[in-house]
Novice: 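The structure follows.
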There are 2 protein chains.
Amino acid sequence: MNTYTYNKSKGEFFLSQNEYVFKKGWIATMDNSNKKDIKKSIVTSVDVARHAKVSQASVSRAFTPDSSMSDKMRTKILKAAHELGYTPNAIARGLISQKTNIIGVVMDNPANPFYSLMLGEFTEKLKESGRQTLLFNAATDAELEHVIRAISGYRVDGIILTIPNRISEFNALGIPLVLFNRRDFDEKISAVCCDNVQSGRLVADYVVDRKYKEIAFMGGLADSSTTIDRRKGFADGLKERGVGKLTEINGDYTFQSGYDATRRLYEKNKNIDAIFCANDLMAIGAIEYIKFGLKKRVPEDVSVIGFDDITEASWPSFDLTTIHQPIKRMITETIRVLDDQIKGEEVKPTINYYNGELVIRKSTK
Amino acid sequence: MNTYTYNKSKGEFFLSQNEYVFKKGWIATMDNSNKKDIKKSIVTSVDVARHAKVSQASVSRAFTPDSSMSDKMRTKILKAAHELGYTPNAIARGLISQKTNIIGVVMDNPANPFYSLMLGEFTEKLKESGRQTLLFNAATDAELEHVIRAISGYRVDGIILTIPNRISEFNALGIPLVLFNRRDFDEKISAVCCDNVQSGRLVADYVVDRKYKEIAFMGGLADSSTTIDRRKGFADGLKERGVGKLTEINGDYTFQSGYDATRRLYEKNKNIDAIFCANDLMAIGAIEYIKFGLKKRVPEDVSVIGFDDITEASWPSFDLTTIHQPIKRMITETIRVLDDQIKGEEVKPTINYYNGELVIRKSTK
DNA sequence: TTGAAAGCGCTACCAA
DNA sequence: TTGGTAGCGCTTTCAA
């Protein structure tokens, strides 16, 4: 069943797949599969093989779906594995098969509810195909440097990027890569995102229909594709409908920045009666400043529109009119695109746009 | 520098650490380190060794901190590695060194802001010591079954659990384990959590001082340690101060459950004028129902107190009086306790309690 | 200080 | 269908 090698210098015998060392006298007991001999706390496939009296290769096969082996054999092995509490070592498996079943997810702001929702959904969805999420946070450039090395070191099967910086460096890793809720300006990298231009236009039409007089746009980080595209759709849409004037201000996608930017916005123009914010968190910040800082009413005095449709948007205190992103479909698509790349052939980069949908609530009149 | 083996059956030479196969005629070109020979897209330490004309073992050493080698050698190797774009394979490293530098984090509700904040902080903190976060979501028992197998398969160096179920099964894995914001009722497993009993008493004292008449407690999942302990501290504290009557209701820690539970609470007792909720999300749900469902005022008609001090708690619309958990210190401590276990010797399980702190805002009068 | 070689626990190939 | 065996890319002795 197994072959043994005699090591002269140590006066010991080795199992051919060298796991246990048997002093000469022990050989007789080996075929009894004496459990006392097994002292290692971590059970390997060799342990299971010995216990079930089969080859190690068969143990491996028993844990490989779709591998052909007799039912009797598989049953025997799984029983032995269960008795010893064996779980295949995914690290060793990853090394030999060049496939770790780990997907790296890179985020810059885990506190943003939109991204934490996304992260949960990704983890859930990846689990369905037996894969795990390795999480990386990176806000600063120095952190990104580190993340790039780390994610490459772990030989992840694919990367999902939700950050706007250094995208090309991630791409240079040669690892399957999809941008989520972002797009590469050169369109050289696959991306799945909401059609921000179309969504911006949707808001423009709505705002013009409602006959607001003084309109404002609050962007997030000025050079992020989401802000650029949402602004573009909004401004273009307004212009086409004959509205030329647009007051602009920028935040950084956080609640606090939305709150503060609203103050600055009203210093610029105190007659603003409608604000379109590049995300919900800033929109909620805006509502809070309008109510508690300016002591004005929403929507009677000012209408506020957000983007994302996070859970908090539907809380009664805000009841935020916003653009809903079809996040579940976007995530399914992201994983599909990633899997196409993982499967192999050179896939040409595509950007998949999903239409945003205007959800009208009570923050607009 | 390197030794070669001649394989008779194939008529080929092998490098001693068999990476490249050289047909007989190629040997002459090898010492020129002709880059054209290197066709593999993934660079290994053997590639770097050949490029720098050193042994593979030295390459490994060059990437091992604190290993002794000449500066000249290390410089040469790192330069070669840089030229080839080499990153050590963390999977192979993990296999041989039995240390993956991966910490598994298991959560049940990634949408809860308290846990997403926690996750971000953990990932950040672990990064400082060169470790990664492998994320697992598990709400149902079937999912937990899967998580236990997966987390064990990846041979994570340690596990941080934030879920209340099946704790002992995780412990049976024999992997360093710390509970965060939970405790094992048998106290057989190390845990780091807020002193929920003390915090509950803090709220009890506050509530009695403020002379509320009809007091309520809203728990989360009834058998979770957090709900049990927070309730105990609160109820005991009230009793000691001579308040015997306490109306109780349960949610499940979500916003919606807090909203709904408040309706049921007022069906039970329509004179409630103070509610202590087992977490902020339910407290915010309660405030929303009180304002928009009951059309009462907070805090004039009803005072609401939460637990966690999530970001949303300080938003002006809620301005929630709540118990602040020292989350950063708790996370640092969790990793320290985990590292003690990882370092080796049998550590006896300890539960580290951190005092909660009452943050008084405007949701109480 | 450096190099040779063993082997971590698996998968996959080949032979039986 | 089953078993033997060669590595995956590293770390870690041991020798030089």
Side-chain angles (χ1 to χ4, degrees), chain A residues 1-5 7 9-10 14-21 40 42-49 52-74 76-77 86-101 153-155, chain B residues 1-5 7 9-10 14-21 40 42-50 52-74 76-77 81 86-101 153-155:
Chain A
M1 175 181 59
N2 276 312
T3 56
Y4 311 102
T5 330
N7 180 321
S9 65
K10 293 186 183 170
F14 291 86
L15 244 171
S16 69
Q17 291 248 354
N18 193 331
E19 168 73 3
Y20 292 106
V21 177
K40 300 198 65 166
I42 291 163
V43 181
T44 73
S45 60
V46 175
D47 297 320
V48 177
K53 297 182 190 295
V54 298
S55 73
Q56 180 274 334
S58 292
V59 176
S60 173
R61 262 183 231 112
F63 282 89
T64 306
D66 308 325
S67 65
S68 75
M69 80 188 309
S70 66
D71 276 1
K72 199 181 133 198
M73 185 84 169
R74 174 165 268 133
K76 183 167 71 177
I77 292 172
Y86 170 71
T87 310
N89 183 328
I91 298 297
R93 181 180 273 180
L95 182 60
I96 183 73
S97 65
Q98 306 284 43
K99 194 159 168 295
T100 53
N101 284 321
Y154 277 95
R155 304 296 192 264
Chain B
M1 176 182 56
N2 274 311
T3 56
Y4 311 103
T5 330
N7 180 320
S9 65
K10 292 185 184 171
F14 291 86
L15 246 171
S16 69
Q17 291 248 353
N18 193 330
E19 166 75 3
Y20 294 104
V21 177
K40 299 201 65 167
I42 292 165
V43 181
T44 71
S45 60
V46 175
D47 297 320
V48 177
R50 277 184 15 128
K53 298 181 189 294
V54 299
S55 73
Q56 178 274 335
S58 293
V59 176
S60 172
R61 265 183 225 112
F63 283 89
T64 306
D66 308 325
S67 65
S68 76
M69 79 190 309
S70 67
D71 275 359
K72 198 180 132 199
M73 184 86 169
R74 174 166 269 133
K76 183 166 73 175
I77 292 171
Y86 169 72
T87 310
N89 183 327
I91 299 296
R93 182 178 272 181
L95 181 60
I96 184 71
S97 65
Q98 306 283 43
K99 192 156 167 298
T100 54
N101 283 321
Y154 278 93
R155 305 295 193 263

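Residue numbers start from 1 in every chain, and the chains themselves are labelled A, B, ... in the order their sequence lines are given, proteins ahead of strands.
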Novice: Looking at dA5(C), dT1(C), dA12(C), which one has an atom nearest to any side-chain atom of S97(A)?
Specialist: dA12(C)
Novice: Looking only at heavy atoms, which two atoms of R61(B) and R74(B) are closest? And how far apart?
Specialist: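 In this case the closest contact between R61(B) and R74(B) is O-NH2, 3.2 Å.
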Novice: Which atom pair, heavy atoms only, marks the closest approach of I77(B) to A52(B)?
Specialist: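 Looks like CA-CB, 4.4 Å.
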Novice: Do any side-chain nitrogens or oxygens of S55(A) fall under 4.0 Å of OP1 or OP2 in dG3(D)?
Specialist: yes
Novice: Which nucleotide in the set dC10(D), dG3(C), dC8(C) lies at the smallest distance from any side-chain heavy atom of S45(B)?
Specialist: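 It is dC10(D).
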Novice: Output the single nucleotide from dG9(D), dA5(C), dC10(C) whose closest atom is nearest the side chain of Q56(B).
Specialist: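 So the nucleotide nearest the side chain must be dA5(C).
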Novice: Expressed as a whole number of angstroms, how long is the span from I42(B):CD1 to dG7(D):P?
Specialist: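 Computing the I42(B):CD1 to dG7(D):P distance gives 18 Å.
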Novice: Rounded to whole angstroms, how far apart are NZ on K53(B) and P on dG3(C)?
Specialist: 13 Å
Novice: Picking from dG9(D), dC10(C), dT1(D), which would you name as closest to the side chain of S68(A)?
Specialist: dT1(D)
Novice: Looking only at heavy atoms, what is the nearest atom pair of P88(B) and F63(B), with distance?
Specialist: CG-CD2, 3.6 Å
Novice: Do R61(B) and dG3(C) have a side chain to base donor-acceptor pair shorter than 3.5 Å?
Specialist: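 When only heavy-atom distances are counted, R61(B) does reach the base of dG3(C) through a donor-acceptor pair under 3.5 Å.
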Novice: Send over the distance from D66(B) CG to dT12(D) P, rounded to a whole Å.
Specialist: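 That distance rounds to 12 Å.
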Novice: In whole angstrom, what separates K72(B)'s NZ from dT2(C)'s C1'?
Specialist: 12 Å
Novice: What's the CG-P distance between N89(B) and dC8(C), to the nearest Å?
Specialist: 18 Å
Novice: Under 4.0 Å, counting only non-hydrogen atoms across every strand here, what does F63(A) touch: a base, just sugar-phosphate, or nothing?
Specialist: nothing
Novice: Where do A62(A) and M69(A) come nearest, in terms of heavy atoms and distance?
Specialist: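 Looking at all heavy atoms of both residues, the shortest contact is CA-SD, 3.5 Å.
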Novice: In this structure, how many angstroms lie between the P atom of dT11(D) and the CD atom of Q98(B), rounded?
Specialist: 13 Å
Novice: Atom NZ of K99(A) and atom CD1 of I91(B): how far apart are they, to the nearest 0.5 Å?
Specialist: 13.0 Å
Novice: Any side-chain N or O of Y154(B) below 4.0 angstrom from OP1/OP2 of dC10(C)?
Specialist: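 Result: no.
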Novice: Side-chain N or O of S58(B) less than 4.0 angstrom from OP1 or OP2 on dG3(C)?
Specialist: yes
Novice: Could you pull out the closest heavy-atom pair between T64(B) and S67(B), with the gap in Å?
Specialist: O-OG, 2.8 Å
Novice: For the pair made of CD1 in I91(A) and C1' in dC8(D), what is the distance, rounded to whole Å?
Specialist: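 Answer to the nearest Å: 13 Å.
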Novice: Which one, dT11(C), dC10(D), dT2(D), comes nearest to the side chain of T44(B)?
Specialist: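 Looking only at heavy atoms from C-beta outward on T44(B), the closest nucleotide is dC10(D).
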Novice: Closest to the V54(A) side chain: dG9(D), dG3(D), dT2(D)?
Specialist: dG3(D)
Novice: Hey, which of these two, L95(B) or M73(B), hits DNA chain C nearer its 5' end, going by closest nucleotide?
Specialist: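 On the 5' side of the pair lies M73(B).
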Novice: Please report the distance, rounded to the nearest Å, between NZ in K99(B) and C1' in dT11(D).
Specialist: 13 Å
Novice: What's the closest nucleotide to the side chain of A57(A) if the choices are dT11(D), dG9(C), dG4(D)?
Specialist: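 Between dT11(D), dG9(C), dG4(D), the one nearest the side chain of A57(A) would be dG4(D).
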Novice: The side chain of S70(A) is closest to which nucleotide in this list: dT2(D), dT5(D), dG7(D)?
Specialist: dT2(D)
